[in-house]
**Q** 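This is the structure, below, for whatever I ask next.
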There are 4 protein chains.
Amino acid sequence: MARPINEEKRQERRSCILKEAVVLFAENGYSNTTTALIAQSVGVTAGTIFQYFPSKEALFYAAVLEPLADIQVKSLACLKQEGTPGVLIKNMVEEQFNHIYCYTNELRLVQYVLGQRIRFPELTQKVLESTKVMTDTIECVYAKGQLMGEFNKNFSPAMISRAYISFLNGVALTLGESIIHHPEWGNLKEHALYLFAPTQPKEKAGESK
Amino acid sequence: MARPINEEKRQERRSCILKEAVVLFAENGYSNTTTALIAQSVGVTAGTIFQYFPSKEALFYAAVLEPLADIQVKSLACLKQEGTPGVLIKNMVEEQFNHIYCYTNELRLVQYVLGQRIRFPELTQKVLESTKVMTDTIECVYAKGQLMGEFNKNFSPAMISRAYISFLNGVALTLGESIIHHPEWGNLKEHALYLFAPTQPKEKAGESK
Amino acid sequence: MARPINEEKRQERRSCILKEAVVLFAENGYSNTTTALIAQSVGVTAGTIFQYFPSKEALFYAAVLEPLADIQVKSLACLKQEGTPGVLIKNMVEEQFNHIYCYTNELRLVQYVLGQRIRFPELTQKVLESTKVMTDTIECVYAKGQLMGEFNKNFSPAMISRAYISFLNGVALTLGESIIHHPEWGNLKEHALYLFAPTQPKEKAGESK
Amino acid sequence: MARPINEEKRQERRSCILKEAVVLFAENGYSNTTTALIAQSVGVTAGTIFQYFPSKEALFYAAVLEPLADIQVKSLACLKQEGTPGVLIKNMVEEQFNHIYCYTNELRLVQYVLGQRIRFPELTQKVLESTKVMTDTIECVYAKGQLMGEFNKNFSPAMISRAYISFLNGVALTLGESIIHHPEWGNLKEHALYLFAPTQPKEKAGESK
DNA sequence: GATGAATGAGAGTTCATTCAT
DNA sequence: GATGAATGAACTCTCATTCAT
């Protein structure tokens, strides 16, 4: 009676629908994306969507939250490796700015929700919870880094972590598809690190002269 | 034959509709905001809206672009007053962060459009043009400030201005209604200025004189 | 600002929709009657229905309950006139059996609901409440008639009133459109009165011999 | 080569599906009962239903007509035993009123069809034919009883038999699940017999005192 | 100038039925 | 023989827009 193959196929198709949904919701917004369009993009008929998700709303929830969980896991992994806080943070910034273009749609979807928090109160709360886990972890690592003299001690860790997340979101929002090929792109990434006010760079700047 | 009074009333009602539209579009998105709801919020009936705007789309365009023009004018004004570039930029940051809560909905609307640039290509272009005027002006002032030694010369003005705008957007997006009363709020504002990498920020203000 | 004419027209159209709805719901059942069909029968387009009733369900409720209230008022009126209980009951039976064909659809709708009480619990309750008012009133009149010697004292008023209502429903259900022209129709009406076990008729029968 | 065991199992499952279908169709109506729900209630999957019945409609037909045939057979059996017409009719009434609660759903289904005769013209015709066999038989027995002086000769047998069937339907429709435990239930049964206007009962009642 | 009833295209969702497994 | 995923037509309901009043 076991049907592992079917179950696998089901999951595959489910994630196929989800992937298409992320793109379309991000590009067109919730109401302007029809379930028929999603179905067509996946290559199935209208009714099939509802075999995998009970409603359009449920599909939207999944499209927002599931990729967000993925991103979070990857980002947090950077901060839990071996190394001094300064190195960990630098790695995280590298990771996030290098992959920002892979997650453009996922991030836009999150921003879309945050921008309409009255319309999507439940989703907003979950997104904010997820964000809080990020900022809390960054805060913690940053505070250690300050004690070790790797970061300027004048800034509050809570503020720094929020400022960084704001900046990251702002960059994802403001910049277009062609971010990566932009001549300033590399500098912007470096500037993101500068936001953390590391003590080293100045020395480096000093040395380099 | 002129009817200034009626004309005045017309304008008043028009801007009343526009104001409601900004709030509702920002909170609920374009498709999820019905013209009937806007009409009801203003206190008129469904048909009246179309006496002032030819279509829902036209109303949306106006709701996005007209406030944006306002904000731009005010921001640019800061940069065209007398004073050294450092002071001008500091004033602009002050001005923008102090008034960010007044324009939450207007900014969210802009971000809503930028997040869906495929859906709103025309609007996106106009918004980006408007943003470009801002960044260009900031760039110009910043470059002067670098020459005068007020800012770190290692950063490119183009990058700095874009980073700042990204940060501003990110803050508007990420933070909730209670921003201003948040204990970190004051620091975040200061950190915004720090993004510009001024050479002697605190010392100049206090000690230098 | 007063618009009595419009309000009147609204009510007129509302009752026009309701009338059509009663017929169609009774003939085809709830699910098999499309709102589009109702609209078409009335001579309006699909959307118009929803200007008068918030949903198909609400329309159905109105189609069941409003005529029922009408019928009840008329039936009860018979029992509240001057005359001995025997005469009042005879009048009521006359009234109901003479008009049963006018209300075929309305009665079928009620029976349709009662037959599916699990599906329509709220409606069923309201219909049963309405029926209880009827049976209670009949009971009361009947008991008086028994005291006055007009009805056989061996039967319980509660049972008699329920038996009569059951019979009335059964007749409405079982007989087709051609009831009135059926040769037995007149006798069936008389038999309905016989259900009440009046004491007089037999004497009459005796007299006639 | 015959496979009696499999065939038996098939019949068993078929009647299992039919039994569930009767209950669900009666409770929810035709359109509101999905084949998926029937399948689930039986404990099979959606497709299986169509191995036993070619379509939902065919299943509905069977659910209405097969139990009706059963009921008819049992009822007619009462009238074909030995005994005077008066006794036979009394037995039939006893039998039907004693078992009415067993067939609530089956009867409701018949009433459901009769209530929507335009929607189910074929079924209605078959049900009416079946009913006619019943009324004709009762008529015949009743007429004999009149000749033998067991029933009042003033009533027409055709009318009496129809009135009784109407009453029976009305009772099944109007009364709820708790019929049997209702204090008036016994009297209602007796009243059903009274509908036939037997000549003896009153004398009996008189004698017994 | 304002009204608000009517429109009708289009949305999300359901479900009887099929068929490869 | 049983399964259950896919289908796609049909349903209810929404809403920007028009226009007679």
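Letters go in sequence order (proteins before strands), and every chain restarts at 1. Fair warning: this is a prediction, and the values are worked out from it, not measured in the lab.
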**Q** Using whole Å, what does the distance between atom P of nucleotide E:dA2 and atom CD of B:Gln40 come to?
**A**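 It is 18 Å, rounded to the nearest whole Å.
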
**Q** Over how many whole Å does the gap from D:Ile38 atom CD1 to E:dT17 atom C1' extend?
**A**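 Result: 14 Å.
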
**Q** Let's see if you can work this out: which of E:dT17, E:dG12, F:dA6 has an atom nearest to the side-chain heavy atoms of D:Phe50?
**A**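 In terms of side-chain proximity for D:Phe50, the closest of E:dT17, E:dG12, F:dA6 is E:dT17.
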
**Q** State the pairing partner of E:dT13; accept Watson-Crick or G-U wobble contacts with both distances under 3.5 Å, and report none otherwise.
**A**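 Partner of E:dT13: F:dA10.
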
**Q** Can you tell me the distance, in whole Å, between the OH atom of B:Tyr30 and the C1' atom of F:dC15?
**A**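 B:Tyr30 atom OH is separated from F:dC15 atom C1' by 11 Å.
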
**Q** List the steps, then state whether side chain to side chain contact (heavy atoms under 4.5 Å, CB included) holds for B:Val64 with B:Phe25.
**A** CA-CA 9 Å; B:Val64 173; B:Phe25 280 135; over 6 Å; no

**Q** Using OP1 and OP2 only, check whether a side-chain N or O of B:Arg13 sits under 4.0 Å from E:dA2.
**A**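 Checking B:Arg13 against E:dA2: at least one side-chain N or O falls below 4.0 Å of OP1 or OP2.
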
**Q** Any side-chain heavy atom of C:Leu128 sitting closer than 4.5 Å to one from C:Leu114?
**A**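 A side-chain contact exists here, since the closest heavy-atom pair is under 4.5 Å.
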
**Q** Closest nucleotide of DNA chain F for C:Ala36 versus for B:Ser31: which of these residues is on the 5' side?
**A**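 Nearest nucleotide further toward 5': that of C:Ala36.
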
**Q** Hey, is the main chain of B:Gly29 close enough, under 3.5 Å, to the side chain of A:Gln116 for a donor-acceptor pair?
**A**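 Side chain of A:Gln116 to backbone of B:Gly29: a pair is present.
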
**Q** Nearest to the D:Gln51 side chain among E:dT17, F:dA6, F:dG1, which nucleotide is it?
**A**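 Nearest to the side-chain atoms of D:Gln51, counting from C-beta on, is F:dG1.
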
**Q** Nearest whole angstrom, please: distance from the P of E:dT17 to the CZ of D:Phe60.
**A**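 So the CZ-P distance, D:Phe60 to E:dT17, works out to 14 Å.
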
**Q** Starting at CD1 of D:Ile49 and ending at P of E:dA16, how long is that distance when rounded to a whole Å?
**A**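 Nearest whole value for this atom pair: 10 Å.
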
**Q** Please give, in whole Å, the distance from E:dA16 P to D:Leu24 CG?
**A**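 Rounding to the nearest Å, CG of D:Leu24 and P of E:dA16 are 12 Å apart.
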
**Q** Please write out the pairs of protein N or O atoms and N or O atoms of nucleotides 8-10 of chain F separated by less than 3.5 Å, giving the distance to one decimal.
**A**
none

**Q** Are the side chain of C:Lys56 and the backbone of C:Tyr30 linked by a donor-acceptor contact shorter than 3.5 Å?
**A**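 A pair under 3.5 Å: yes.
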
**Q** If you check the C:Tyr52 side chain, which of E:dT18, E:dA5, F:dT7 turns out closest?
**A**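 Shortest atom-to-atom distance from the side chain points to E:dA5.
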
**Q** Please determine, for the side chain of A:Lys56, which listed nucleotide (E:dA16, E:dT13, E:dA2) has the closest atom?
**A**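 Nearest to the side chain of A:Lys56 among the choices is E:dT13.
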
**Q** Applying the Watson-Crick and G-U wobble criteria at under 3.5 Å, what pairs with F:dA5? Answer none if nothing qualifies.
**A**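 Paired with E:dT18.
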
**Q** Has the side chain of B:Ser130 got a donor or acceptor atom that lies under 3.5 Å from a matching backbone atom of B:Lys126?
**A**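 Looks like no, no N/O pair under 3.5 Å.
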
**Q** Which residue, D:Gly43 or C:Glu57, contacts DNA chain F at a nucleotide closer to its 5' end, judged by nearest heavy atom?
**A**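 Result of the comparison: D:Gly43.
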
**Q** Is it the case that the side chain of B:Tyr52 and the backbone of B:Leu18 share a donor-acceptor pair, with hydrogens and angles ignored and the cut-off at 3.5 Å?
**A**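 Answer holds: no.
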
**Q** Side chain of D:Thr35: nearest nucleotide among E:dT3, F:dT7, E:dA16?
**A**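 Closest nucleotide to the D:Thr35 side chain: E:dA16.
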
**Q** Quickly work out the C:Phe53 CZ to F:dT14 P distance and round it to whole Å.
**A**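 After rounding, the reported distance stands at 15 Å.
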
**Q** Working to the nearest 0.5 angstrom, can you tell me the gap between A:Thr33 OG1 and A:Phe60 CZ?
**A**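 Going from OG1 on A:Thr33 over to CZ on A:Phe60, the span is 8.5 Å.
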
**Q** Can you measure B:Leu59 atom CG to F:dC15 atom P for me and round it to whole angstrom units?
**A**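 These atoms are roughly 16 Å apart.
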
**Q** For A:Glu66, is the CD atom crowded, meaning more than 12 foreign heavy atoms sit under 6.0 Å from it?
**A**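 Yes, CD of A:Glu66 has more than 12 neighbouring heavy atoms, counting only those of other groups under 6.0 Å.
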
